[in-house]
Amino acid sequence: MNRINLIALGVKDIGRAMKFYKDIGFKTYEEADNPPIVFFDKDGTKLELFSLKALAKDINPTNPPVINTGFSGITLAINFKTKVEVDEFVKLVESAGGPIAKYPEPTDWGGYSGYFQDLDGYYWEVAYGDSWKFDDNNMLVIE
């Protein structure tokens, strides 16, 4: 099986992180203000928020990995069907308090792309490409 069903982000304050993601349009069935874990439904995959300390202990209870700050070398991406959707989403992120790391601009690969950070510092790319195609689940088709 070649798929990713769930992406887990370790966060410092689940309630704060959950509110941010709800404010930028992520959908969850969670109703508690500060649950131990949150799942968001996205087309084709799920995003999970989990306490950073609890996630480190889940990986190794006796010797959890060191929690660092700064760029981890991982970015997440949301691909859109138009440049307008990219710009509108960046405005939504900004209004929800998400720092914009790079406003969308034309790219050297012929697309349109920018970056924002969530409230825990995770970088997200928001992008559009003229030649992109999407399947029935709104997943980007890369051939």
Side-chain angles (χ1 to χ4, degrees), residues 1-61 64-65 67-143:
M1 298 283 160
N2 184 13
R3 65 179 181 250
I4 297 173
N5 298 95
L6 184 63
I7 296 169
L9 298 180
V11 298
K12 295 174 188 141
D13 181 333
I14 286 188
R16 180 175 176 244
M18 180 176 66
K19 181 183 180 322
F20 172 77
Y21 279 101
K22 282 181 169 182
D23 287 350
I24 64 171
F26 284 51
K27 305 292 183 210
T28 183
Y29 295 102
E30 184 58 58
E31 295 180 9
D33 291 334
N34 196 27
I37 192 167
V38 178
F39 294 97
F40 291 96
D41 288 336
K42 298 305 296 168
D43 294 337
T45 193
K46 289 191 184 297
L47 178 69
E48 170 189 354
L49 302 179
F50 195 57
S51 161
L52 185 58
K53 289 179 182 177
L55 183 58
K57 284 183 181 178
D58 192 47
I59 292 168
N60 187 330
I67 297 170
N68 295 322
T69 59
F71 181 54
S72 65
I74 293 175
T75 63
L76 302 157
I78 303 171
N79 303 114
F80 292 94
K81 296 178 181 176
T82 68
K83 289 180 184 179
V84 170
E85 287 178 334
V86 170
D87 290 334
E88 288 174 351
F89 190 76
V90 167
K91 288 177 188 173
L92 181 61
V93 166
E94 204 166 27
S95 72
I100 307 303
K102 177 182 171 188
Y103 284 92
E105 61 184 31
T107 66
D108 59 359
W109 50 266
Y112 185 69
S113 171
Y115 287 87
F116 72 91
Q117 285 182 278
D118 73 3
L119 303 181
D120 285 275
Y122 292 103
Y123 285 90
W124 286 80
E125 180 184 26
V126 289
Y128 160 78
D130 285 337
S131 62
W132 288 354
K133 296 176 186 167
F134 294 83
D135 68 14
D136 292 338
N137 291 320
N138 282 321
M139 296 294 288
L140 181 64
V141 176
I142 299 176
E143 299 172 337

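Count residues from 1 along the sequence. These numbers come from the heavy atoms of this one structure, side chains and all, not from hydrogens, waters or symmetry mates.
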For this session: Applying side-chain hydrogen bond (donor to acceptor under 3.5 Å, both in side chains), name anything that partners Glu48, two or more places apart in sequence or on another chain.
Result: none
Could you state the interatomic distance from [atom1] ([X]) to [atom2] ([Y]), rounded to the nearest 0.5 Å?
{"X": "Leu76", "Y": "Tyr123", "atom1": "CG", "atom2": "OH", "value": "12.5 Å"}
{"X": "Asn79", "Y": "Phe134", "atom1": "CG", "atom2": "CZ", "value": "5.5 Å"}
{"X": "Ile78", "Y": "Ile24", "atom1": "CD1", "atom2": "CD1", "value": "6.0 Å"}
{"X": "Leu140", "Y": "Lys81", "atom1": "CG", "atom2": "NZ", "value": "10.5 Å"}
{"X": "Lys91", "Y": "Glu94", "atom1": "NZ", "atom2": "CD", "value": "9.5 Å"}
{"X": "Tyr128", "Y": "Thr82", "atom1": "OH", "atom2": "OG1", "value": "7.5 Å"}

Just wondering, are more than 12 heavy atoms of other shown residues or ligands nearer than 6.0 Å to [atom1] in [X]?
{"X": "Leu6", "atom1": "CG", "answer": "yes"}
{"X": "Asn34", "atom1": "CG", "answer": "yes"}
{"X": "Asp135", "atom1": "CG", "answer": "yes"}

Exercise. Residues two or more places apart in sequence or in another chain: which of them pass salt bridge (Lys or Arg N to Asp or Glu O under 4.0 Å) with Asp58?
Worked result: none
For [X] versus [Y], what's the shortest heavy-atom pair and its separation?
{"X": "Ala127", "Y": "Trp132", "answer": "O-CZ3, 3.4 Å"}
{"X": "Pro104", "Y": "Val90", "answer": "CG-CG2, 3.6 Å"}
{"X": "Ala32", "Y": "Met18", "answer": "O-CE, 3.1 Å"}
{"X": "Ala56", "Y": "Pro65", "answer": "O-CD, 3.3 Å"}

Problem set entry | Under the ring-ring contact (aromatic ring centres under 6.0 Å, His included) test, residues paired with Phe80 that sit two or more places apart | Phe89
For this session: Sequence neighbours left out, what passes ring-ring contact (aromatic ring centres under 6.0 Å, His included) with Phe50? Give chain and number order.
Result: none
For this session: Could you name each residue pair satisfying salt bridge (Lys or Arg N to Asp or Glu O under 4.0 Å) that touches residues 102-126, not counting sequence neighbours?
Result: Lys102-Glu105
Exercise. For residues 11-24, which residue pairs qualify under salt bridge (Lys or Arg N to Asp or Glu O under 4.0 Å), counting only residues two or more places apart or in two chains?
Worked result: Lys19-Asp23
Should [X] and [Y] count as side-chain neighbours, where that means a heavy-atom distance under 4.5 Å?
{"X": "Leu9", "Y": "Tyr21", "result": "yes"}
{"X": "Val93", "Y": "Phe20", "result": "yes"}
{"X": "Asp41", "Y": "Tyr29", "result": "yes"}
{"X": "Phe40", "Y": "Leu49", "result": "yes"}
{"X": "Pro35", "Y": "Ile14", "result": "yes"}

Exercise. Once the angle between the rings of Trp124 and Phe116 is folded into 0 to 90°, is it parallel (under 30°), tilted (30 to 60°) or perpendicular (over 60°)?
Worked result: parallel
